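One structure is given here, and the rest of the page talks about it.
Since the model is a prediction, treat every value here as computed from it, not as a measurement. Scope of the values below: all heavy atoms of this structure, side chains included, with no hydrogens, waters or symmetry mates. In what follows, chains carry the letters A, B, and so on, assigned in the order in which the sequence lines appear, proteins first and then strands, with residues in each chain numbered from 1.
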2 protein chains.
Amino acid sequence: MPMNAPAFPLEALAPIDARPDRDSFTISDLCAEFSVTPRALRFYEDEGLIGPERRGTARIYSHRDRARLAWILRGKRVGFSLAEIREMIDLYDVGDGRSTQKQFTLERCLERIELLENQKRDIDAHITELQQFVELLKSSD
Amino acid sequence: MPMNAPAFPLEALAPIDARPDRDSFTISDLCAEFSVTPRALRFYEDEGLIGPERRGTARIYSHRDRARLAWILRGKRVGFSLAEIREMIDLYDVGDGRSTQKQFTLERCLERIELLENQKRDIDAHITELQQFVELLKSSD
DNA sequence: ATCGAGATTGACGTTCACGTAAGGGGAAGG
DNA sequence: CCTTCCCCTTACGTGAACGTCAATCTCGAT
């Protein structure tokens with residue numbers, strides 16, 4: 001959230017609907033849908049987070065690319081850096097690896113889950129604190 | 001979260017225990033307790049997030065300062081920028097303001113609460129997705 | 001008196017996640 | 001053919017949040 005942070009950078013994102021109407025998406029399609037800039041998508045590509053096909057030089061995003069983008073953005077919203085997100089993507093991609101690799105992947109996943117649950121606790125604490133303050137404001141008329 | 005992000009930047013932080021043994025804290029006391037650097041604390045001070053007393057030139061942190069620091073750090077962990085955190089601190093500090101001000105503050109608080117609840121939804125989605133992947137890993141022996 | 005540990009203030013450097021020109025290609029419409 | 005529009009790449013700039021020296025200062029202990 002650093003960067004050019006607006007007052008309220010996070011918005012609700014529906015669990016992503018399928019869009020069977022379309023077969024592929026342009027960069028501006030996805031930019032419009034997810035409220036990101038082309039620059040951001042190209043940056044994610046440079047960082048190895050996503051790899052759309054090309055028609056000539058133009059990027060063509062598949063449904064899978066679109067879903068992955070949604071996943072990336074949600075990862076960002078819950079506070080992961082792009083490096084961390086790529087790492088997680090890589091974990092997913094070694095699903096066919098050796099057993100020791102799989103064990104490693106599994107442990108990382110469990111760590112992440114614990115991390116996220118700690119974060120939920122932080123958020124709950126913040127929420128209750130804000131709610132108490134709201135009550136205080138309401139009562140002091 | 002940016003900056004020199006380690007693999008797992010977030011750690012559980014107990015709801016902060018009172019520490020009635022101490023009467024005040026030095027900068028390195030708080031640094032050790034909260035795992036931050038002196039540079040960070042001085043930076044927060046430059047940004048107006050905290051304002052400890054001085055004994056000569058040295059900073060003396062009170063219990064209130066310590067609690068505020070804990071609050072700041074939790075704010076960071078849930079994804080707020082320092083500017084946003086300071087804004088919230090300012091909101092708390094105008095509890096004696098006029099009615100219109102109070103109304104404004106109240107709306108901002110409610111917005112923030114909604115924001116945090118959206119974030120909780122994102123986190124839940126992420127968790128369930130990771131758990132599904134864990135199950136997949138476990139089952140593919 | 002001095003010595004080292006820990007405090008201070010600048011001031012410049014760094015990383016992340018893009019923003020922002022600057023310049024150019026290709027298709028479509030008038 | 002020229003303009004418009006959308007796409008591309010290259011490259012330098014930027015804001016947030018510190019890191020990292022460097023040069024003091026100060027205070028308790030030897």
Side-chain angles (χ1 to χ4, degrees), chain A residues 1-10 22 24-61 65 69 71-89, chain B residues 1-10 22 24-61 65 69 71-89:
Chain A
M1 354 252 81
M3 30 208 135
N4 229 336
F8 299 107
L10 306 177
R22 303 289 307 265
S24 65
F25 308 88
T26 77
I27 195 169
S28 41
D29 285 341
L30 295 189
C31 287
E33 181 174 2
F34 295 101
S35 304
V36 293
T37 64
R39 178 69 178 92
L41 292 193
R42 297 188 190 115
F43 184 74
Y44 298 159
E45 189 171 347
D46 286 348
E47 298 291 303
L49 295 177
I50 200 171
E53 286 182 45
R54 300 289 186 126
R55 179 148 52 216
T57 94
R59 291 167 176 81
I60 307 270
Y61 294 87
D65 291 328
L69 174 59
W71 197 85
I72 292 169
L73 294 177
R74 198 183 57 203
K76 286 204 56 185
R77 287 200 302 280
V78 305
F80 291 127
S81 72
L82 294 186
E84 291 170 326
I85 292 173
R86 184 184 45 195
E87 192 190 337
M88 297 176 76
I89 288 177
Chain B
M1 354 264 74
M3 18 184 160
N4 227 336
F8 297 107
L10 308 178
R22 302 290 307 267
S24 66
F25 307 88
T26 78
I27 195 169
S28 41
D29 284 341
L30 295 189
C31 287
E33 181 174 1
F34 294 102
S35 303
V36 293
T37 65
R39 179 69 179 91
L41 292 195
R42 297 188 190 115
F43 184 73
Y44 298 159
E45 190 171 346
D46 287 347
E47 299 292 303
L49 295 176
I50 198 169
E53 285 182 46
R54 300 292 185 121
R55 177 150 53 215
T57 96
R59 292 166 175 81
I60 306 271
Y61 294 88
D65 290 328
L69 175 60
W71 197 84
I72 291 168
L73 295 178
R74 199 184 57 202
K76 286 203 56 185
R77 288 201 303 279
V78 306
F80 292 127
S81 72
L82 293 186
E84 291 170 326
I85 291 173
R86 186 185 42 195
E87 193 190 336
M88 298 176 77
I89 289 177

* Over 12 non-hydrogen atoms of neighbours within 6.0 angstrom of CD in Glu53(A) -> no
* Sugar-phosphate, base or nothing in reach of Arg54(B), heavy atoms under 4.0 Å -> sugar-phosphate
* Interatomic distance, Asp46(A) CG vs dC8(D) P [rounded to whole Å] -> 12 Å
* **Comparing Glu47(B) and Ile60(A) on DNA chain D - which has the more 5′ nearest nucleotide** => Ile60(A)
* To do: Output yes when Arg59(A) and Asp65(A) qualify as a salt bridge under the 4.0 Å nitrogen-oxygen rule, no when they do not.
  => no
* Atom CD of Glu84(A) to atom P of dT15(C): distance rounded to whole Å? -> 17 Å
* Interatomic distance, Glu45(B) CD vs dA7(C) C1' [rounded to whole Å] -> 13 Å
* **Protein-nucleotide distance (Asp29(A), atom CG; dC7(D), atom C1'), rounded to Å** => 13 Å
* In whole Å, what is the span from the CZ atom of Phe80(B) to the C1' atom of dA16(D)? -> 16 Å
* Chi angles and distances behind the side-chain contact (heavy atoms from CB on, under 4.5 Å) call for Glu47(B), Ile85(B) -> CA-CA 10 Å; Glu47(B) 299 292 303; Ile85(B) 291 173; over 6 Å; no
* Can you tell which of dA17(C), dT20(D), dC8(D) lies closest to the side chain of Thr57(A)? -> dC8(D)
* Crowded around Arg55(A) CZ? As in, over 12 foreign heavy atoms under 6.0 Å? -> no
* To do: Using a 4.0 Å heavy-atom cut-off across all strands, classify Arg42(A) as base, sugar-phosphate, or nothing.
  => base
* Asked: dC16(C) phosphate, OP1 or OP2: any side-chain N/O from Lys76(A) under 4.0 angstrom?
  -> no
* Asked: Between Thr26(B) and dG6(C), does any side-chain N or O lie under 4.0 Å from OP1 or OP2?
  -> no
* Asked: Between dT8(C) and Arg59(B), is there an OP1 or OP2 to side-chain N/O distance shorter than 4.0 Å?
  -> yes
* For dA17(C), does OP1 or OP2 lie under 4.0 Å from any side-chain N or O of Tyr44(A)? -> no
* What nucleotide, of dC8(D), dA17(D), dG19(D), holds the atom closest to the side chain of Ile27(A)? -> dC8(D)
* Using atom CZ of Phe43(B) as one end and atom P of dG13(C) as the other, report the distance to the nearest whole Å. => 17 Å
* Asked: Can you tell me if the side-chain N/O atoms of Thr37(B) get under 4.0 Å from OP1 or OP2 in dG19(D)?
  -> yes
* Student check: side-chain heavy atoms of Glu33(A) and Leu69(A) closer than 4.5 Å -> no
* Rounded to the Å, how far apart are Arg39(A) CZ and dC16(C) P? -> 14 Å
* Atom-to-atom span, CD of Glu53(A) to P of dC7(D) - whole angstrom -> 17 Å
